[in-house]
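Counting starts at 1 for both ligands and their atoms, following the listed order. Here the structure is a predicted model, which is why all the values come from computation and not from measurement. Values reported hereafter were calculated over all heavy atoms of this structure, with side chains retained and with hydrogens, waters and symmetry mates removed.
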Amino acid sequence: VKLTVLGASPSFPNPGGAGSSYLIEHERVRLLVDCGHGSVSRLFAHLDPRSLSALVLSHLHPDHFFDLIPLTYAFRFRYSGGQPIPLWLPPGGTRFLAGFLASLNIDAGFLNQAFVVAEYVPDSPLEVGGICITFAPTNHFVQGYAMLFEPTEAGSPRIGYSSDTGPSGEVARLLSDAELALVEATELQHPPGHALRGHLTAAEAGSLAREAGVGRLLLTHYVDADADAGLLAAAAEFCGSVELAREGKVYEL
Ligand SMILES: [Zn+2]
Ligand SMILES: [Zn+2]
C-alpha cells in the first residue's frame, strides 16, 4: 500500500502548501481522499487523473473539497474521454454541492462531466476496488467522517485517517491497530476560553494514536510554524514512530 501526501495544510495553506488531500494506492486501485485547495496540481504531477478509481470526501469544508472545481475543469478541457469516476460524498453532500455550485453560477450538471456523484452510508463499509473503507463520525464543526482504509487481501496494512476532529473515542476505536494513522494536529494549544472543540492539539493527536494502538503516526493538518513543537508534543504522548506528513512525500507500507 502506498500513501502520497498531496496536501497537509490546515484551513489555510502553509507556505508552498496545499489543503488536505491524500492518494492511497494498492495494486491497481488509486483512491483520492479529500481534495483541498491547491492539491490537484500535485495530483497531476503524480498521475493522469483518469486513472483514479474513486474520490472520497471526509467532510465539506473548503480545505477538503475546493479543488473539485479545478479538477472537474481539468477533466473537461484536458483529460476528457475517460469513464466518469465515482465521487463519494458524506450524507447530504449532493445537496450541499448543488447549492455551492449554484452560488458560483455553475450549472447543476458540472460535476457529472467527470464524476458519478453518490453519498456513502457511514454505517456500512464502502468497497473501492480492493480497498474497504469504514467510517466513524468526527467531533467537528460540521458533519464529517474519519476513515479506515483496509485492503481486502488478508494481512494487508491498514491506513487510518482522522479527518478533522476534536477528541473522539469513536475515531480512536476506528483507527485501532492501524499500521499507519494520519491524525490531524491543527492546534499546538487549545485557545483558553474556547469551549467548543473541533480539532486536536498535537499532544492530543499523540494520545489518540496511543489509545488506538497504531503502529506509526503521521501528524497532518498542522500549521507549519508550529510543526517542530507539535512533533515534540505528540512524541511525548506516543512512543511509536511519529512524523509530520510531508506534502509530496510517498509512504510505502
Ligand atoms: Zn480541515
Ligand atoms: Zn474541517
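- Grouped by direct or indirect side-chain proximity (heavy atoms under 4.5 Å, Ile/Leu/Val/Met/Phe/Trp/Tyr only), Leu196 sits with Phe141.
- Note: Leu182 CG to Ile24 CD1 = 7.5 Å, rounded to the nearest 0.5 Å.
- Hydrophobic cluster of Val183: the remaining members, joined at side-chain heavy-atom separations below 4.5 Å, are Leu148, Val171, Leu174, Leu175, Leu200, Leu208, Val214, Leu217, Leu219, Tyr222, Leu231, Phe238, Val242, Leu244, listed by chain and number.
- Protein N, O or S atom count below 2.8 Å of the Zn ion (ligand 2): the structure gives 4.
- Classification of Glu119 and Arg95 as a salt-bridged pair fails, no side-chain N sitting under 4.0 Å from a carboxylate O.
- In this structure, Tyr73 has its ring center closer than 6.0 angstrom to the ring center of Phe110.
- With sequence neighbours left out, Glu170 forms a salt bridge (Lys or Arg N to Asp or Glu O under 4.0 Å) with no residue at all.
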